[in-house]
There are 2 protein chains.
Amino acid sequence: MPIVTIESVGKYDGQEVTLRGWLYNLREAGKLLFPIFRDGTGTIQGVVSLKDQPAAFETLRGLTQESSVIVTGKIHADKRAPGGYELQITAIEVVQRVPDDSPYPIQLKEHGVDFLLDHRHLWIRTPRQAAILRIRAQAVRAAHEYMDSEGYILTEAPIFTPAACEGTTTLFEVQYIDDEKAYLTQSGQLYVEATAMALGKVYTFGPTFRAEKSKTRRHLTEFWMLEPEAAFAHLEDMMALGEGLVSHVVQSVLKNRVRELETIGRDTSKLANVKTPFPRITYDEAIQILQQRGNPAKWGDDFGGDEETILSSSYDRPVMVHRYPAAIKAFYMQPDPVRPDLALGFDMLAPEGYGEIIGGGERVADYDLLLKRLRENNLPEQAFSWYLDLRKYGGVPHAGFGLGLERTVAWICGTEHIREVIPFPRMIYRVYP
Amino acid sequence: MPIVTIESVGKYDGQEVTLRGWLYNLREAGKLLFPIFRDGTGTIQGVVSLKDQPAAFETLRGLTQESSVIVTGKIHADKRAPGGYELQITAIEVVQRVPDDSPYPIQLKEHGVDFLLDHRHLWIRTPRQAAILRIRAQAVRAAHEYMDSEGYILTEAPIFTPAACEGTTTLFEVQYIDDEKAYLTQSGQLYVEATAMALGKVYTFGPTFRAEKSKTRRHLTEFWMLEPEAAFAHLEDMMALGEGLVSHVVQSVLKNRVRELETIGRDTSKLANVKTPFPRITYDEAIQILQQRGNPAKWGDDFGGDEETILSSSYDRPVMVHRYPAAIKAFYMQPDPVRPDLALGFDMLAPEGYGEIIGGGERVADYDLLLKRLRENNLPEQAFSWYLDLRKYGGVPHAGFGLGLERTVAWICGTEHIREVIPFPRMIYRVYP
């Protein structure tokens with residue numbers, strides 16, 4: 001008897017197979033039982049009658065939700081069944097019965113979000129959450145594929161760092177060894193600048209940390225970033241890489257995760273046009289657009305969620321806003337030679353109000369300018385001396401960006417909050433489970 | 001004029017091209033200069049004569065090591081040249097000249113390891129270190145490929161955790177928010193057990209942390225682990241997955257990183273036979289072998305580096321030792337039903353004295369037994385209540401393992417110390433650069 005997964009049952013139409021998984025739901029209709037089983041690859045409806053299979057019927061009757069089972073039966077194509085196939089059960093073995101006096105906490109009804117987060121280890125079993133995690137994994141795979149096809153080498157940035165990269169207010173401090181402190185990385189950028197000088201084109205893809213006190217639907221304290229960096233690259237190169245990467249990820253999910261996108265009810269027509277080229281507008285143009293739409297933004301302001309939503313609402317794919325005022329951007333951004341009050345940076349804003357998914361641009365290549373910027377920002381020179389070295393020993397124009405994985409996946413999935421798109425979300429008041 | 005990378009020059013034989021990179025070395029021979037350039041993808045020797053190209057000759061003469069350059073010249077196949085091609089230089093532009101009064105710190109001579117680690121951001125530019133990082137990236141890519149081909153879904157484990165997994169003595173504590181503490185993950189295993197119950201077959205691949213005070217060549221405080229976990233899987237399944245994964249990674253590096261293995265002088269004949277099946281011996285057999293070789297190990301002892309080296313020395317590929325005494329293994333290991341004093345676990349030991357690269361096995365599936373084990377180990381029940389839930393709500397047999405990326409890559413590269421195989425190693429007294 002072949003042991004098969006639910007996603008592969010189409011290959012076994014008319015044959016008897018064994019499935020291993022969990023009882024997701026059970027409908028009892030007199031002398032017929034209609035269980036739904038899940039095994040992590042999908043769900044399938046089964047049927048068993050008291051008359052034909054009395055032993056299996058008795059075993060299944062009254063079985064508690066999420067009890068683990070090994071089920072044998074015949075696969076039968078049935079257009080009415082969800083997924084297109086039904087299992088005509090001939091035998092069932094219960095591996096572990098969920099106790100009747102301690103039922104599975106997540107019933108097939110609405111629960112509050114705090115309750116669900118407290119039970120995240122179980123919540124991920126529900127079809128919607130499981131589908132989102134499979135979409136996330138596909139997005140990661142597609143991202144690696146794309147970076148690889150463009151000749152970028154993965155060089156992981158360290159997690160323990162001696163100093164802040166994105167400002168000290170959101171730093172997590174670690175008790176290192178013997179009273180020494182270390183800090184959790186906020187971005188791998190500084191480190192991929194070093195590996196880019198060694199290997200040419202590189203990227204890191206790993207967890208980053210910010211002690212964000214803002215309790216918004218877009219913030220996690222622990223999130224994954226993909227950060228490419230290339231020697232001899234400029235702003236335009238990174239905008240091209242960014243649109244290529246994001247369109248490949250979206251198209252790969254559309255192609256390989258059809259069933260999961262259906263499960264979560266995503267309107268995929270909103271993703272179909274996410275193809276290169278993406279629109280590009282300057283910050284100056286963005287300010288004009290905002291003012292025309294009645295937004296109070298004035299030149300020099302940074303954009304928040306409202307502004308990002310207005311700007312992205314005119315497009316059916318992400319829009320790239322470039323050349324922001326240098327004053328509102330990070331110390332390491334290269335000034336525009338034509339207008340030095342502008343930084344050669346860009347943000348990519350996702351449609352449907354999802355806001356910034358990429359931020360990046362060209363880095364300061366000159367030693368003296370970088371030193372000046374460090375001092376202006378009161379950053380500890382000693383901790384950055386290795387970073388200054390990159391400008392002293394063969395400095396070159398170079399550029400890169402950071403793509404926030406969770407924000408990107410939240411947009412692809414159309415979820416309201418990014419906490420649903422990471423297996424175990426960490427937020428200001430949550431490190432459990 | 002095409003701008004090309006050094007690794008692709010073979011496609012441009014006889015053509016004029018532009019390369020962008022750094023001056024790695026310069027030999028002056030009267031009216032001829034022989035520079036070696038590197039661009040991250042490889043190195044190439046150039047030649048320029050005072051007579052034919054006076055401007056380029058003058059620009060290049062006396063140029064300091066690691067100065068960044070844009071060089072144009074004709075590619076010329078030459079069997080005597082390292083890499084098989086030479087660049088007949090027609091023009092050179094210096095992007096940034098390394099100051100004569102502050103030369104590149106890493107000269108082409110031997111340096112002490114502390115000096116090199118202090119300059120890790122520059123050390124990675126040397127051909128050997130760059131080759132190792134490219135091999136590491138290939139190993140990671142091959143590992144993802146294999147897990148994907150076996151149907152495993154990537155589900156990242158969290159870094160912030162509420163409690164220890166592998167013992168409290170090596171835990172890093174983080175000042176979370178307000179006065180709350182969190183701990184950096186020592187292993188993603190407990191979390192992939194949860195995602196395996198949701199998705200069937202899963203893995204995590206991310207950084208893990210242990211405050212190892214032992215200053216050995218095998219220890220880092222921050223290292224990457226690949227940890228698969230599968231529902232309804234047993235010890236034998238994980239040994240098969242482990243040997244499949246490791247052999248795929250090794251064969252993929254042998255196939256795709258020939259040049260890099262040459263650069264580092266690895267004897268690849270020692271890797272060629274790393275193909276399935278790998279030998280399997282029981283712990284009982286291992287003790288016999290050790291005693292026959294005069295090692296004082298007796299039944300019940302755990303193995304250290306000496307024992308691992310003796311055990312692996314008889315084989316031309318990794319060996320798997322299974323069924324260790326339960327008393328020396330982690331609390332979550334399933335006992336052997338035939339001999340409950342043994343744990344259904346295994347270690348994979350790499351050849352050539354590289355020791356353990358994989359540890360894993362079957363997990364306790366029963367709620368009462370797990371609770372008993374937690375209590376025996378004085379572990380905080382509250383912090384593990386979600387982990388207990390996995391046995392209460394549809395518990396199933398399940399198994400997994402952890403593969404240490406750095407130990408695996410160190411073995412593949414034949415490096416003495418694992419600090420060379422991660423871009424920025426973190427050790428007990430080192431979080432810089």
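Protein chains get the first letters and strands the later ones, always in sequence-line order, with residue 1 at the start of each. Just the heavy atoms: all of them, side chains too, but no hydrogens, waters or symmetry mates, feed the values below.
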Which answer fits [X], side chain, backbone, both or neither, if we ask what part of it has an atom under 4.5 Å from a heavy atom of chain A?
| X | value |
| --- | --- |
| Ser67(B) | backbone |
| Ser102(B) | both |
| Leu184(B) | side chain |
| Ala130(B) | both |
| Leu122(B) | side chain |
| Ala196(B) | backbone |
| Arg20(B) | both |
| Thr221(B) | both |
| Trp224(B) | side chain |
| Arg120(B) | neither |
| Val94(B) | neither |
| Met147(B) | neither |
| Thr64(B) | neither |
| Asp118(B) | neither |

I want to check something: taking the side chain as every heavy atom from C-beta on, are [X] and [Y] in contact at a cut-off of under 4.5 Å?
| X | Y | value |
| --- | --- | --- |
| Lys392(B) | Tyr104(A) | no |
| Leu133(B) | Leu199(A) | yes |
| Pro158(B) | Val431(A) | no |
| Leu190(B) | Pro433(A) | no |
| Trp22(A) | Met197(B) | yes |
| Phe232(B) | Ile70(A) | yes |
| Asp389(B) | His121(A) | yes |
| His144(B) | His144(A) | yes |

Go through the atoms of [X] and report whether side chain, backbone, both or neither lie under 4.5 Å from a heavy atom of chain B.
| X | result |
| --- | --- |
| Ser385(A) | both |
| Gln382(A) | backbone |
| Val202(A) | neither |
| Glu180(A) | side chain |
| Asp366(A) | neither |

Side-chain ([X]) to main-chain ([Y]) donor-acceptor, under 3.5 angstrom:
| X | Y | result |
| --- | --- | --- |
| Glu66(A) | Gly394(B) | no |
| Glu222(A) | Phe160(B) | yes |
| Ser68(A) | Val396(B) | no |

So which atom in [X] and which in [Y] form the shortest heavy-atom distance, rounded to 0.1 Å?
| X | Y | result |
| --- | --- | --- |
| Arg426(A) | Pro162(B) | NH2-CD, 4.3 Å |
| Pro423(A) | Thr195(B) | CB-CG2, 4.4 Å |
| Phe424(B) | Ala194(A) | CZ-CB, 3.9 Å |
| Val95(B) | Gly395(A) | CG1-O, 3.7 Å |
| Pro103(A) | Tyr393(B) | O-CE2, 3.6 Å |

message = Centre-to-centre under 6.0 Å for Phe172(A) and Tyr176(B), is that the case here?
response = yes

task = Please step through side chain to side chain contact (heavy atoms under 4.5 Å, CB included) for the pair Ile422(A) and Glu156(B), ending with a clear verdict.
result = CA-CA 8 Å; Ile422(A) 186 167; Glu156(B) 296 89 345; 5.8 Å; no

note = By salt bridge (Lys or Arg N to Asp or Glu O under 4.0 Å), Asp237(B) pairs with (sequence neighbours left out) none

